[in-house]
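To start, the structure under review is shown below, and the notes come after it.
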Amino acid sequence: MITARPRGTADILPEEAAGWRYVEDTFRTICREYCYEEIRPPIFEHTELFERGVGDTTDIVEKEMYTFRDKGDRSITLRPELTAPVVRAYLENNLNAGPQPVKLYYTGPMFRYDKPQAGRFRQFHQLGAEVLGSPLPAVDAELIAMIMKFYGRLGLKGLELHINSVGCPRCRSDLRERLQQFLDPRLSSLCSNCRGRFLRNPLRILDCKEKECADISSGAPTTLDCLCPDCESHFSSVKGYLDRLGIAYQVDSRLVRGLDYYTNTAFEVMSRDIGAQSSIGGGGRYDGLIEAVGGQPTPGVGFALGVERILLTMKGQGIELPGRDRPDVFVVNADPDTEREAFEILFALRKGGLSADKDYLGRSMKAQMKYAGKTGCRFVVILGGNELKRGAAGVKDMASGAQVEMTLNELAGQIKKKMYGGE
RNA sequence: GUGGAUGUAGCUCAGGUGGUUAGAGUACCAGAUUGUGGCUCUGGGGGCCGUGGGUUCGAGUCCCAUCAUCCACCCCA
């Protein structure tokens with residue numbers, strides 16, 4: 001072998017790919033029901049889009065981006081998330097000039113240079129949605145409802161929905177001041193990481209997991225203590241919609257999203273079944289982002305869900321996923337001299353609307369039968385010299401073992417009747 | 001980026017204190033069955049023992065380094 005796959009990547013083999021397809025299809029169906037349309041931005045973007053659109057004090061931009069210079073000496077970055085690219089596409093294609101709001105969804109790979117562990121990869125996959133152009137709290141609630149509906153449809157149980165409001169820039173500068181006042185005398189007890197955050201981004205100290213920091217900040221003012229009347233009313237309105245839909249949540253004032261342009265609502269869904277990387281989806285409102293990327297001030301909300309973590313949770317909860325596809329029919333020919341006829345009949349079956357395969361290794365009849373059994377096919381069509389002369393073939397039901405004779409020109413129709421048509 | 005555990009057939013794993021041609025189960029292929037899968041039996045192919053150094057008469061086994069995987073911290077999906 002020349003080389004192994006790069007660290008933190010995975011080969012999704014046919015068996016698992018079926019489960020992926022199922023999860024993605026379920027998501028697409030929900031998106032259609034909620035009237036979100038698909039968008040497919042590129043896999044890579046100019047680096048400055050993420051520097052400005054994600055925030056250059058975030059871990060993503062500081063140390064996790066796959067960045068390189070292309071042959072035209074442009075700085076290019078493999079997308080670590082898709083909110084900023086979607087906003088860029090919205091502006092670049094003048095979607096802001098059409099009917100508002102614009103409701104979009106996406107699926108696909110993202111790239112972050114992290115150290116891999118359970119539920120964390122360097123290439124991972126997200127399902128996401130964004131609503132651009134509406135400031136109303138009902139949209140926040142719709143997105144959250146959509147996520148919970150999706151998880152429910154997959155059969156996931158016992159998930160925790162955490163929500164919080166981080167307010168607007170005015171609330172945050174208020175909080176920032178109060179936090180710094182509160183923390184200043186205790187600064188020496190904080191972890192080194194948080195001492196660094198004290199000036200740059202004190203909000204992040206709130207969700208530091210170090211015991212010392214958590215103890216100290218447990219008495220600190222939180223985002224909710226500093227909401228202005230507008231933000232306060234936005235937050236209670238979101239909660240009201242969720243209550244009305246019967247969606248359970250817990251308010252978590254320590255939930256602070258790492259991205260710089262988040263405003264008001266922040267939410268995260270946690271799974272207990274997949275180890276330390278317990279977040280299987282999250283999102284929030286980002287009314288400051290579009291302006292930061294260069295557009296007119298425009299409100300936005302969105303979420304992203306991790307496909308790998310969803311699949312891990314499903315596995316952990318013992319939820320069955322579809323396996324690989326099985327052929328309807330496998331053509332076995334008993335006599336090597338009739339291989340041409342077998343080939344023709346194979347294509348006739350396919351033309352008749354069945355998924356069909358045959359042996360391509362010139363195997364003995366017994367070996368063909370054995371192989372047919374391994375493909376999991378529902379029927380085997382057996383071609384022998386004697387029946388062929390009469391224009392007929394044997395059709396064996398692999399589950400029951402029962403075999404009947406059918407004329408060649410009605411093979412596909414008769415088999416379909418056996419599959420779908422009662423008897 | 002920091003720390004811990006683990007690397008032996010495709011897969012799951014054996015291989016006391018270094019000592020001949022490195023084993024099992026399973027999977028794969030073939031035969032037993034001259035035109036019929038699953039069960040059973042028999043046989044067969046398949047190993048740079050993660051990689052590179054070192055110690056030794058001799059290393060799968062001991063030492064060092066390196067890479068990879070898993071797990072945790074950090075962060076997030």
Side-chain angles (χ1 to χ4, degrees), chain A residues 1 3-10 13 54 57-64 79-83 107-128 147 191-194 196-197 204 207-211 213 255-259 266 268-271 274-283 302-313 330-338 359 361 363-388 393-403:
Chain A
M1 215 184 342
T3 181
R5 67 175 187 273
R7 188 157 202 209
T9 64
L13 301 173
V54 175
T57 67
T58 59
D59 280 8
I60 291 179
V61 172
E62 279 184 345
K63 49 190 195 191
E64 295 174 1
R79 61 193 197 188
E81 57 99 53
L82 219 35
T83 301
T107 72
M110 310 294 158
F111 306 85
R112 291 183 200 171
Y113 191 86
D114 267 10
K115 187 154 169 183
Q117 69 181 74
R120 193 168 75 187
F121 309 91
R122 289 184 173 176
Q123 176 176 335
F124 62 101
H125 298 76
Q126 288 187 334
L127 311 170
I147 297 175
C191 72
S192 62
N193 226 324
C194 284
R197 287 166 175 156
R204 293 276 299 285
D207 67 350
C208 181
K209 273 86 183 174
E210 293 286 330
K211 287 177 209 85
C213 302
L255 175 59
V256 179
R257 309 235 90 217
L259 314 182
E268 196 160 336
V269 182
M270 321 283 268
S271 162
I274 55 173
Q277 306 303 314
S278 58
S279 169
I280 63 170
F303 66 74
L305 317 178
V307 179
E308 286 86 352
R309 292 183 187 177
I310 289 170
L311 288 164
L312 270 176
T313 306
F330 193 91
V331 178
V332 165
N333 67 310
D335 181 350
D337 294 339
T338 61
D359 167 69
L361 284 176
R363 284 186 262 226
S364 72
M365 180 184 180
K366 183 179 175 65
Q368 290 178 56
M369 283 302 296
K370 212 168 166 180
Y371 179 70
K374 279 175 201 147
T375 67
C377 64
R378 300 185 59 180
F379 296 96
V380 167
V381 168
I382 300 164
L383 305 178
N386 299 335
E387 293 94 326
L388 265 186
V395 174
K396 181 166 185 169
D397 182 324
M398 292 298 271
S400 67
Q403 185 169 330

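The chains referred to below are lettered A, B, ... by the order of the sequence lines, with proteins before strands, and numbering in each begins at 1.
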Checking all strands, does [X] fall into the base, sugar-phosphate, or nothing category for heavy-atom contacts under 4.0 angstrom?
{"X": "A:G281", "answer": "sugar-phosphate"}
{"X": "A:G283", "answer": "nothing"}
{"X": "A:G128", "answer": "nothing"}
{"X": "A:A372", "answer": "nothing"}

Which whole number of Å gives the distance between the [atom1] atom of [N] and that of [M]?
{"N": "B:rC62", "M": "B:rG46", "atom1": "P", "result": "29 Å"}
{"N": "B:rC13", "M": "B:rG50", "atom1": "P", "result": "15 Å"}
{"N": "B:rC57", "M": "B:rG18", "atom1": "C1'", "result": "12 Å"}
{"N": "B:rG3", "M": "B:rG45", "atom1": "C1'", "result": "44 Å"}
{"N": "B:rG23", "M": "B:rG43", "atom1": "P", "result": "16 Å"}
{"N": "B:rC63", "M": "B:rU2", "atom1": "P", "result": "23 Å"}
{"N": "B:rA59", "M": "B:rU51", "atom1": "P", "result": "15 Å"}
{"N": "B:rG53", "M": "B:rU61", "atom1": "P", "result": "14 Å"}

Under 6.0 Å from the six-membered ring centre of A:Y113 and within 45° of its axis: does the NZ or CZ of A:R122 meet both?
yes
Less than 4.5 Å apart, side chain to side chain, heavy atoms only: is that true for [X] and [Y]?
{"X": "A:I60", "Y": "A:R112", "value": "yes"}
{"X": "A:L305", "Y": "A:I310", "value": "yes"}
{"X": "A:I280", "Y": "A:M270", "value": "no"}
{"X": "A:V395", "Y": "A:I382", "value": "no"}

[X] side-chain proximity, nearest of [options]:
{"X": "A:S279", "options": "B:rC73, B:rA77, B:rU69", "result": "B:rA77"}
{"X": "A:Q277", "options": "B:rA77, B:rA68, B:rC76", "result": "B:rC76"}
{"X": "A:R363", "options": "B:rU69, B:rA30, B:rA77", "result": "B:rA30"}
{"X": "A:R309", "options": "B:rG35, B:rA77, B:rA72", "result": "B:rA77"}

Judged by nearest nucleotide, the residue sitting upstream toward the 5' end of RNA chain B, A:P6 or A:E308, is A:P6
Assign each of A:F121 and A:Y113 the nucleotide of RNA chain B bearing its closest heavy atom; nearer the 5' end lies the nucleotide of A:Y113
Is [X] side chain donor-acceptor paired with the [N] base, going by distance under 3.5 Å alone?
{"X": "A:D335", "N": "B:rG35", "answer": "no"}
{"X": "A:R120", "N": "B:rC71", "answer": "no"}
{"X": "A:Q117", "N": "B:rC74", "answer": "yes"}
{"X": "A:R112", "N": "B:rC76", "answer": "no"}

Atom pair distance, as rounded to whole Å: [atom1] in [X] and [atom2] in [N]:
{"X": "A:D337", "N": "B:rG35", "atom1": "CG", "atom2": "P", "answer": "12 Å"}
{"X": "A:F111", "N": "B:rA77", "atom1": "CZ", "atom2": "P", "answer": "16 Å"}
{"X": "A:I274", "N": "B:rA77", "atom1": "CD1", "atom2": "P", "answer": "13 Å"}
{"X": "A:L255", "N": "B:rA77", "atom1": "CG", "atom2": "P", "answer": "10 Å"}
{"X": "A:L312", "N": "B:rC70", "atom1": "CG", "atom2": "P", "answer": "11 Å"}
{"X": "A:D114", "N": "B:rU2", "atom1": "CG", "atom2": "P", "answer": "14 Å"}
{"X": "A:L13", "N": "B:rC11", "atom1": "CG", "atom2": "C1'", "answer": "13 Å"}
{"X": "A:R7", "N": "B:rC67", "atom1": "CZ", "atom2": "P", "answer": "9 Å"}

Are the side chain of [X] and the backbone of [Y] linked by a donor-acceptor contact shorter than 3.5 Å?
{"X": "A:D114", "Y": "A:P116", "value": "no"}
{"X": "A:D359", "Y": "A:R363", "value": "yes"}
{"X": "A:T313", "Y": "A:R309", "value": "yes"}

Nucleotide forming a Watson-Crick or wobble pair with [N], both distances under 3.5 Å:
{"N": "B:rG10", "answer": "B:rU26"}
{"N": "B:rU66", "answer": "B:rG50"}
{"N": "B:rG58", "answer": "none"}
{"N": "B:rU21", "answer": "none"}
{"N": "B:rC41", "answer": "B:rG31"}
{"N": "B:rG1", "answer": "B:rC73"}

Heavy-atom contacts, protein to nucleotides 36-44 of chain B, under 4.0 Å, summarised as B (base), S (sugar-phosphate only) or - (none) per nt, yield BBB------
**Study point:** A:E268-A:S279 side chain donor-acceptor pair, cut-off 3.5 Å
**Key:** yes
**Message:** Heavy-atom count check: over 12 atoms from other residues, nucleotides or ligands less than 6.0 Å from A:F124 CZ?
**Reply:** yes
